[in-house]
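This report concerns only the one structure given below.
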Amino acid sequence: MNDELRYLLARTAQGKHSRRAFLGRAGALGLTAAAANSLLATAVRAAGPQKGGNLVIGLVGGESTNSLDPALAASQVPYTYLRTSGDTLVNTTPAGDIEMRLAESIEASDDARIWRFAIRQGVEFHNGKSLTAEDVLRTMQRHSDEDSQSGALGIMRDIETMRTDGNVFEVTLRTPNADLPYLMTDYHLVIQPDGGFDNPADGIFTGPYKWVEDQPGVRHVLEKFENHWDSSLGHVNSVEILVINDATARNSALQSGQVALMNRVEPRTADFLARAPGVTIHSTPGRGHYVFIMHCDTAPFDNNDLRLALKYAIDREDMVDKILSGYGSVGNDMPINAAYPLFDETIPQREFDLDKARFHYEQSGHDGSPIVLRTSDVAFPGAVDAAQLFQQTAAQAGIPIEIRREPGDGYWSEVWNVQPFSASYWGGRPVQDQMYSTAYFSGADWNDTRFFNDRFDELLLAARAELDEVKRKAMYSEMGMIVRDEGGLICPMFNDFVDAQNETVEGWVTDPAGEMMAGFAAVKVWLNNA
Amino acid sequence: MSPILKLVVQRLALGVLLLLAASVLIFVGTEILPGDVASAILGQGATEQALANLRIELGLNDPPVTRYFNWLFGVLQGDLGVSLSNRRDIAEAMSVRLSNTLFLAFWAAIIAVPLAILLGLVAVRYEGRWPDKVVSGATLATISIPEFLLGYIAMYFLAVQYRIFPSVANINASMSLGDKLNAIALPVLVLVLVVLGHMMRMTRAAILNVMQSAYVETAELKGLRSFTIIWRHAFPNAIAPVVNVVMINLAYLVVGVVVVEVVFVYPGMGQYLVDHVAKRDIPVVQACGLVFAAVYIGLNLVADIVSILANPRLRHPK
């Protein structure tokens with residue numbers, strides 16, 4: 001590398017020279033764009049985060065009905081602002097390991113039933129109060145007691161008792177669970193002073209940014225909390241989240257420089273947006289998936305041959321191409337993919353096979369009446385088109401599917417988990433156990449495929465208590481096969497999270513746990529023009 | 001009692017009745033929609049227990065009639081209540097949104113109304129000639145293009161390509177008037193284009209109608225300049241239909257701009273209402289409905305009064 005280039009590189013990494021000018025100069029000096037970019041990325045990382053600036057983020061998924069109460073959070077904007085202003089006990093790293101946050105260390109009893117979280121000392125809330133184990137206990141109580149309305153209630157119900165012991169928060173479970181720390185990473189479970197019992201929506205947390213202005217559905221402004229315990233996070237001075245629910249408006253806000261980061265780039269327009277100067281698209285293979293679900297206990301779906309016929313009659317590659325424009329990967333009729341820890345790569349991929357579909361359809365003895373598939377635009381983006389593709393390929397195997405398009409309003413209360421065959425999506429969970437216990441265990445709240453399998457339940461409980469990873473992996477593999485071959489889930493595709501940034505943002509890290517770096521983009525990136 | 005005062009009192013009383021009827025309709029409408037507040041708030045991830053807890057807390061287990069009258073008595077005492085979904089004070093949250101909506105509507109109207117009338121006069125003056133054809137054709141084109149498309153086109157050229165105005169019209173209390181006007185430039189532009197055609201064509205048609213009258217012919221024979229004839233003699237007699245169409249468009253600028261609000265991310269009433277309908281947040285929907293109905297009724301009242309004032313035969317009944 002010649003001196004000029006080295007000098008320019010250092011200046012650019014420090015933010016004193018424009019990125020685009022550097023790339024232009026590097027091109028003139030004979031470097032390819034790709035090489036120059038990777039050179040720059042390395043130099044920027046080496047130079048370390050730059051402090052300061054106001055980061056503006058444009059996000060879909062906020063409504064004027066949003067509240068700062070973590071228990072009521074359910075969409076993308078609250079997800080991001082809770083991650084930005086709050087802290088959970090633990091978190092997952094991009095590699096999927098547990099990272100200590102407000103808990104300093106974790107101890108489990110040998111049977112994985114009693115868990116002790118030592119709470120970090122010297123942590124301050126935004127109102128100046130110090131964090132105690134009591135705050136943690138009260139927070140968990142608010143999310144798990146009988147009167148709770150929390151979105152996290154489902155994952156808290158296996159807790160038998162909770163107590164504090166000095167600076168230790170102790171949880172005793174009804175059944176052993178080796179994955180309990182992963183459950184504590186849920187974004188609803190940010191710690192509030194006295195658990196938020198007094199005023200759950202006061203916005204007082206312990207995170208790197210504190211609240212300045214909260215206009216639900218419009219704009220959320222946060223500024224750096226100087227007394228945050230972890231100085232490695234929170235590089236920008238202030239964070240402004242603009243709620244931009246319209247996809248085209250989001251694209252143009254990014255292109256015109258009004259926002260530096262955005263979520264949910266529409267796969268259809270991602271390629272066009274990527275060509276805009278300075279824009280980088282980040283596609284993150286995640287655990288979210290788009291599904292068609294059949295109730296295994298309702299005719300005609302109570303017949304496994306019919307379920308298999310439908311599973312063979314869907315062209316997964318084509319759907320990833322057409323519905324996701326390639327921003328995703330094919331599913332395998334189980335809710336798990338390689339983004340999960342302990343995933344078994346050797347499970348064979350289910351192929352699109354019209355002969356097998358025809359064979360199983362005949363075996364099922366179905367009377368030939370049309371099979372009603374309910375779908376809606378809100379089930380997942382492109383759900384109506386996907387249902388039509390499915391209808392066409394199924395027709396080739398002689399399986400008649402009738403599509404019934406339902407209104408988006410009330411779809412989640414009237415159709416999903418009510419009607420026997422419908423389109424839906426799942427956001428994925430941090431670990432296999434949680435995904436399976438949420439939706440495939442016999443007693444699960446959201447057993448939306450009405451799947452009741454004794455062998456599966458037995459394996460799920462055994463795997464949950466098993467601390468030996470090799471044995472656990474084998475159990476999860478068998479469970480995956482059971483769901484794949486006997487379950488009511490048709491999973492054609494896993495969708496990527498597609499986010500985008502402009503040239504002022506540095507420090508992006510891909511995190512499969514969720515969009516926008518698992519919600520931590522605002523606290524982890526920095527601005528090179530600050 | 002003067003006939004005008006009598007009319008105003010009559011209309012106001014009728015307006016209150018209409019508001020009451022509108023509130024019943026809105027309430028019934030939100031009751032018919034599938035799903036309830038609790039399931040809408042908690043979404044796909046709701047458990048039965050969480051739903052039941054939330055329903056008890058929000059008082060959703062009371063019969064609908066009880067809930068309606070509870071709400072009505074609150075309103076009669078000036079209390080709009082709190083939003084069910086995030087427990088915010090409705091009057092406070094809505095006043096911010098309403099003032100934003102009125103701010104946008106005001107600037108759009110300030111530009112659109114005089115411009116539409118002026119263009120209408122020009123079109124009449126040059127009736128059938130090229131200025132008429134250009135004005136009519138252009139306004140017809142802008143009224144025919146869906147407003148979201150106009151918005152995207154404006155955004156593409158003025159925000160993305162040339163970066164003259166921001167594409168996100170997000171205004172807030174801490175901005176100066178200049179900043180706010182800069183922020184709302186694109187939505188104002190689009191709204192002006194959308195309402196211009198209707199008002200301009202109505203002005204043109206109303207004046208042309210009057211131009212057939214004998215007194216206009218007299219004025220021409222007196223040798224007055226044609227623009228003077230239109231402005232001094234024809235326009236005052238065409239004012240009633242013009243005011244009517246202007247009022248309809250003003251009402252549209254207040255209650256019908258949700259698409260423009262979404263495209264430009266403008267924090268107005270439309271988006272506020274839509275979000276709360278989606279969550280079945282009935283108190284907020286009721287409050288918005290009342291405001292919208294009041295705007296319509298009020299502007300129509302103004303239109304009626306102006307028509308009467310503009311017409312000597314109605315002003316001095318025998």
Side-chain angles (χ1 to χ4, degrees), chain A residues 56 58 62-69 71-72 74-75 146-154 157 200-201 213 215-219 221 240 242-246 248-253 255-259 276 407-417 424-427 438 445-446 448, chain B residues 33-36 38-54 56-57 83-88 93 96-97 100 148 151-152 155-156 158-161 163 165-168 170-174 262-267 271-281 284:
Chain A
V56 189
E63 300 91 30
S64 19
T65 49
N66 290 150
S67 160
L68 289 187
D69 180 354
L72 300 179
S75 51
E146 300 223 317
D147 304 330
S148 172
Q149 304 138 14
S150 173
L153 187 59
R157 66 167 36 158
E213 198 182 326
Q215 287 184 53
V218 181
R219 171 170 181 267
V221 184
E240 189 178 340
L242 297 183
V243 179
I244 310 182
N245 287 325
D246 184 69
T248 313
R250 234 166 26 254
N251 283 357
S252 22
Q255 282 176 269
S256 63
Q258 271 194 292
V259 302
D409 250 4
Y411 188 79
W412 300 115
S413 51
E414 312 282 310
V415 178
W416 172 76
N417 213 0
S424 177
Y425 76 96
W426 275 100
T438 308
D445 281 321
W446 303 304
D448 60 3
Chain B
L33 290 174
D36 70 346
S39 58
I41 293 175
L42 295 177
Q44 192 201 15
T47 60
E48 275 309 315
Q49 193 193 345
L51 282 175
N53 291 340
L54 193 58
I56 292 168
E57 188 177 323
S83 149
L84 294 182
S85 49
N86 59 3
R87 282 102 160 155
R88 290 197 165 214
V96 176
R97 295 301 192 104
N100 285 348
F148 72 90
Y152 289 152
M155 204 187 262
Y156 178 74
L158 299 176
V160 174
Q161 287 298 94
R163 298 199 179 192
F165 296 116
S167 67
V168 174
N170 207 323
I171 65 168
N172 58 70
S174 61
V262 169
V263 167
F264 292 106
V265 202
Y266 188 77
Q271 189 58 50
Y272 182 70
L273 174 64
V274 168
D275 284 350
H276 286 86
V277 170
K279 286 277 191 287
R280 310 285 180 276
D281 199 332
V284 180

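Please read these numbers as outputs of a predicted model, since none were measured by experiment.
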Can you tell me how far the [atom1] atom of [X] sits from the [atom2] atom of [Y], to the nearest 0.5 Å?
{"X": "B:Phe264", "Y": "A:Ile244", "atom1": "CZ", "atom2": "CD1", "value": "12.5 Å"}
{"X": "A:Gln215", "Y": "B:Asn172", "atom1": "CD", "atom2": "CG", "value": "6.0 Å"}
{"X": "A:Gln255", "Y": "B:Ser167", "atom1": "CD", "atom2": "OG", "value": "9.0 Å"}
{"X": "A:Ser150", "Y": "B:Asn53", "atom1": "OG", "atom2": "CG", "value": "11.0 Å"}
{"X": "A:Asn66", "Y": "B:Asp275", "atom1": "CG", "atom2": "CG", "value": "8.0 Å"}

(request) Sequence neighbours left out, what passes salt bridge (charged side-chain N to carboxylate O under 4.0 Å, His left out) with B:Arg88? Give chain and number order. (result)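 Result, salt bridge (charged side-chain N to carboxylate O under 4.0 Å, His left out) vs B:Arg88: A:Asp214.
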(message) For A:Asp69, give me all partners under salt bridge (charged side-chain N to carboxylate O under 4.0 Å, His left out), at least two apart in sequence or on another chain.
(response)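 Salt bridge (charged side-chain N to carboxylate O under 4.0 Å, His left out) check on A:Asp69 returns A:Arg142.
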Could you check if a side-chain atom of [X] sits within less than 4.5 angstrom of a side-chain atom of [Y], using non-hydrogen atoms only?
{"X": "A:Asn251", "Y": "B:Met155", "result": "no"}
{"X": "A:Leu242", "Y": "B:Val168", "result": "yes"}
{"X": "B:Gln161", "Y": "A:Ser256", "result": "no"}
{"X": "A:Thr248", "Y": "B:Val263", "result": "no"}

(message) Does either side chain, that of B:Gln271 or that of A:Ser64, offer a donor lying less than 3.5 Å from an acceptor on the other one?
(response)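 Looking only at side-chain atoms, A:Ser64 and B:Gln271 do not form any donor-acceptor pair under 3.5 Å.
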(message) I'd like to know if the side chain of A:Asp246 pairs up with that of B:Tyr152 as donor and acceptor (distance under 3.5 Å, no hydrogens or angles considered).
(response)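 Yes, because at least one side-chain N or O of A:Asp246 sits under 3.5 Å from a partner of the opposite role on B:Tyr152.
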(message) Under a 3.5 Å distance rule, please check whether A:Glu63 uses its side chain to pair with a backbone N or O of B:His276 as donor and acceptor.
(response)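 Not confirmed, A:Glu63 side chain does not pair with B:His276 backbone.
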(message) The test is side chain to side chain contact (heavy atoms under 4.5 Å, CB included); show your working for A:Leu72 and B:Arg87 and say whether it passes.
(response) CA-CA 11 Å; A:Leu72 300 179; B:Arg87 282 102 160 155; 3.3 Å; yes
Where does [X] contact chain B at under 4.5 Å (heavy atoms): side chain, backbone, both or neither?
{"X": "A:Ala253", "result": "both"}
{"X": "A:Arg157", "result": "side chain"}
{"X": "A:Val243", "result": "backbone"}

(request) Under 4.5 Å, counting heavy-atom pairs only, tell me which of A:Ala201, A:Pro216, A:Gly217 racks up the most with chain B. (result)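 Most heavy-atom pairs under 4.5 Å with chain B: A:Pro216.
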